[in-house]
Amino acid sequence: MSDQKRLFLVDAYALIFRGYYAFIKNPRINSKGVDTSAIMGFMNSLLDVIKRERPDHLAVCFDKGGSADRVEMFEAYKANRDATPEAIKIAVPYIQDILKAMHIPIMVKEGFEADDVIGTLSKQAEKEGYKTFMVTPDKDFAQLVSENIFMYRPVFGGGYETWGIPEVQKKFEVTDPLQVIDFLGMMGDSSDNIPGLPGVGEKTAKKFLAQYGSMENLLANTHELKGKMKEKIEAAKELGMLSKKLATIMLDVPVEFHAENFEMSHPDIPKVTEIFQELEFRRLIDNFTKAFSVEATAETATQETSSEAKATPQETKSAGAGQFSLFGADPSSSKEAEPVSEFTRKTTKTSSHFYQSVASGMATKLFVKNLMNQTSVCFDTETTSLNPLVAELVGIAFSWEVGKGFYLPFPENREEAQELIEQLRPFFESENIEKIGQNLKYDIKVLAKYNIDVKGKFFDTMLAHYLINPDMRHSMDVLAETYLNYTPIPIEALIGKKGKNQGNMRDVPLEKQTEYAVEDADITLQLKEHFEKELGEANTQKLFDDIEIPLLRVLAAMELEGINLDKDFLNSLSEQLTIDIKALETIIYTEAGEEFNIASPKQLGDILFDKMKLVDKPKKTKTGQYATSEDILSYLAKDHEIIQHILDFRGLSKLKSTYVDALPNQVEPSTGRVHTDYMQTVAATGRLSSNNPNLQNIPIRTERGRQVRKAFIPRNEDYTLLAADYSQIELRIIAALSKEETMIEAFKNGEDIHASTASKVFNVPLEAVTREQRGNAKTVNFGIIYGVSAFGLSNQTDLSRGEAKELIDTYYETYPKLRAYMSELVDFARDNGYVQTVLGRRRYLKDINSRNAVVRGAAERNAVNAPIQGSAADIIKIAMINIYNKLEAGNYKTKMLLQVHDELVFDVYKPELKDMKTLIKTEMENAFTLDVPLDVEVGVGADWLEAH
DNA sequence: AGAAAGGCATA
DNA sequence: GTATGCCTTTCTG
């Protein structure tokens, strides 16, 4: 059987889409800012197939111009597919060039889809005695399967499965693969816009097939059906037949199978390598040479597809994921980040390593001695909880040599654990040993609970990668897979899936703990070696050494500190809110004439617009619901009393659920305070973010919301809260960077910048500026930072579109250099693929040259906003580090507690108040020197509201 | 139980 | 129009 000739037909777009979505959560962007995810994904799959199967005949099939026939049949055919992502559009020409260089035939036929080309070719090849393998995840192809035609499907988690007749029979519950057409026709396919029969999904379609065998037979016997189903299907007979036609793959495309044209031959290696190098595919070059080398042995698909259809290993694997995995692996429906070629990855099973646990007292002594002789060590703590405040040490892994490492398990008894950590204290507190880790802030916080102050130089791989590629995700798994081609042991393998039944590290056998923990340390060490080279570029190294790494300590300290919360006060607020919400509810029900869930946008929309018909043609959201967002309802408020009540209800509910009721639950019992977690690697601009709870979005705009801030109080009566805000920092930055003298002067003279702007654009003396004029000027000043449009401005003010446009035009005439600066930023982004902050923090803008105006526009606004927002973030980070160091050096009792983008909050020891006011203001204002002075406003009070 | 959608709080 | 995180409802496995 294996001497039979084999033809592989690759469905290009399906694999391109699949590759693209595999990287969707962490797109591959090369140094030129090009998103190479789709190319990378496709090439991984292709090379993998070649490497595994060593096909003697192979072609890659593309669509061209879509299927005219199908569109003629049904004009909505494939109409509601999302616009093709940019990365895919640019991928196609690259892929075709690579294929040409590899001497792999490309099959396209104008006006036909790849499905039809593959279908036609496979039937012709079958006649000539070939076995054909259709390489595609697309379940539609199952209809073509025969004795000699197979689907060769990539599956989740890596690997392939081959579908022959028995597999198709089993998956679709049909007797003949051709019935797959009926199946698809009945249930429809949203990605191809095949309508299907109304009310028929996967389950019903299978039932019908078992009973009637075909679409035609079902439609001829609808009298046997009952109820609503009968009505619906009888009304949709035509649609049913049309759906079946749309689902049918054509077998009469004018192409011819000539074996000699499909033979594999030697690729043009230098050419392929050159293209890969241009795309910066280092690893693929390796894979490529392997795929085309003669030595490697191939396990063949034919061997796996024995006629008895015994479950292959791959099937056994996918069977666990659900008996019907057709949809899970469909590229268009799958948003899961999923490795495209995991099977090519190394794992702990395939890489040689030496991981050892150190358990006895004697061994520990020897180990510590050895440890102290190192200059640079990677470590990773294993604990009982993700919350460092309650986490107990289960063990610590160490590695200082690739592929090698040690694991120290910790006793459960707290005193014994402390004894063990004491032996390690000299290591952790050594100034001379560099500490390497992934997310060191966590380990530092855990160790702080054991009274260990981790010192010495730090290298955090997560932070390093954040600077190298801020748009990607930075989890260790992702980094290992991307940079080391290695898949670490998933934590789920040890403690089970997330959820209430998730186990505890403590209960994992020591052997497994060791494998897992030392692997993490080993990988992190390898990542460090990788990243430290890449950091060398531009200013990245400086940002790393001078900002992000020092900041890590500062944030750890702030988070450990936490902030005191007045629970009783919040509880009394909550009671009052409950009463007011109830009252509003009653009024709303009366006005609506019935009771409903006001918090449900769906029900609310139906009441307001279907039942009460408040508007002639209400706006819809993208999913077809009535839009009931604040900006839409506000318009209607003056005409209908119920609207204002609903808005009030929403406001109070939000306040109660998100803040007043939630915050007391976030108080950490062991400290009695709220400890937020600052994320240092999520915001693409360089800002921090805060969660569990988010303390960066505590209300302030409305009177009622503002009350929540009264609940944030000093630790005790010896302390007071101090809040220090940068005044207009983003506007100052844009003024300085653009060198717009008019604006710079206004700041230098300490003028009210919004009034000053109003005076200039409305051409009135400063004293004559009205409140309204100042308000509008303020909106434009802010809007500039985000990349205003006349449309947006008119939405935010009382101005019409025309007036808004005029205001913006006048604004740019008043501040001409500002406009010039903004276009410089966009030009820079176009040329370089990125923009940067005052400290050289980069943001890559892959869509800056997109042909799609909407996409490009968004990238252009990013080009303006990112340097401004990011520079402000850089500056406050410097200030935080400097203040923290001064507080430490001066042995002050005052602590920094919170950062809210342009504001810092401190718990000030009252005797230090006078010093602190000066110290904090000075450090913040002098964190960075611009052509515009920075101004900081300091407030002090018995709670956060009063300090403002 | 988890994801998606709609909505909304901050700078 | 920029940048986030979290709430409730509703859908789906």
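Lettering follows sequence order; numbering is per chain, from 1. Computation of the quantities below employed the complete heavy-atom set of this structure, encompassing side-chain atoms and omitting hydrogens, waters and symmetry-equivalent molecules.
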Establish, with yes or no, whether the OP1 or OP2 oxygen of [N] is under 4.0 angstrom from a side-chain nitrogen or oxygen of [X].
X       : N       : answer
N694(A) : dT10(B) : no
R687(A) : dT4(C)  : no
T623(A) : dA4(B)  : no
N862(A) : dA3(C)  : yes
T685(A) : dT2(C)  : no
Q603(A) : dT10(C) : yes
R650(A) : dC8(B)  : yes
T658(A) : dA9(B)  : no

Carboxylate-amine/guanidinium contact [X] [Y], below 4.0 Å:
X       : Y       : answer
K611(A) : E594(A) : yes
K877(A) : D874(A) : no
K441(A) : D677(A) : yes
R819(A) : E824(A) : no
E946(A) : K710(A) : no

Over all strands shown, is [X] touching base, sugar-phosphate only, or nothing at heavy-atom distances under 4.0 angstrom?
X       : result
I868(A) : nothing
N795(A) : nothing
R706(A) : nothing
A627(A) : sugar-phosphate
S653(A) : nothing
V900(A) : sugar-phosphate
A873(A) : nothing

What integer distance in Å separates [X]:[atom1] from [N]:[atom2]?
X       : N       : atom1 : atom2 : result
N665(A) : dC7(C)  : CG    : P     : 10 Å
Y786(A) : dT10(B) : OH    : P     : 12 Å
L655(A) : dC7(C)  : CG    : P     : 14 Å
F649(A) : dT8(C)  : CZ    : P     : 11 Å
Y626(A) : dA5(B)  : OH    : C1'   : 18 Å
I698(A) : dT4(C)  : CD1   : C1'   : 14 Å
H948(A) : dT10(B) : NE2   : P     : 11 Å
E903(A) : dA3(C)  : CD    : C1'   : 17 Å

Heavy atoms from C-beta onward define the side chain here; which of [options] lies closest to that of [X]?
X       : options                  : answer
P601(A) : dG1(C), dG6(B), dG5(C)   : dG6(B)
V682(A) : dT4(C), dA11(B), dT8(C)  : dT4(C)
K602(A) : dC7(C), dT10(C), dT10(B) : dT10(C)
S789(A) : dG1(C), dG5(C), dA3(C)   : dG1(C)
N692(A) : dT10(C), dC6(C), dG1(C)  : dC6(C)
Q869(A) : dT4(C), dA3(C), dT8(C)   : dA3(C)
S689(A) : dA11(B), dT4(C), dG7(B)  : dT4(C)
N865(A) : dT4(C), dG1(C), dA3(C)   : dA3(C)
T621(A) : dA11(B), dG7(B), dC7(C)  : dG7(B)

| said: By the definition side-chain contact (heavy atoms from CB on, under 4.5 Å), identify the one residue from T757(A), I868(A), I753(A), V932(A) that meets it with L731(A). | reply: I753(A)
Donor-acceptor pair present, [X] side chain and [N] base, under 3.5 Å:
X       : N      : result
R701(A) : dA9(B) : no
Q696(A) : dT4(C) : no
K654(A) : dC7(C) : no

| message | Rounded to the nearest 0.5 Å, what separates atom CD1 in I563(A) from atom CE in M558(A)? | response | 9.5 Å
| field | Minimum heavy-atom distance between E730(A) and I785(A), given as atom pair plus value | value | OE1-CG2, 3.4 Å
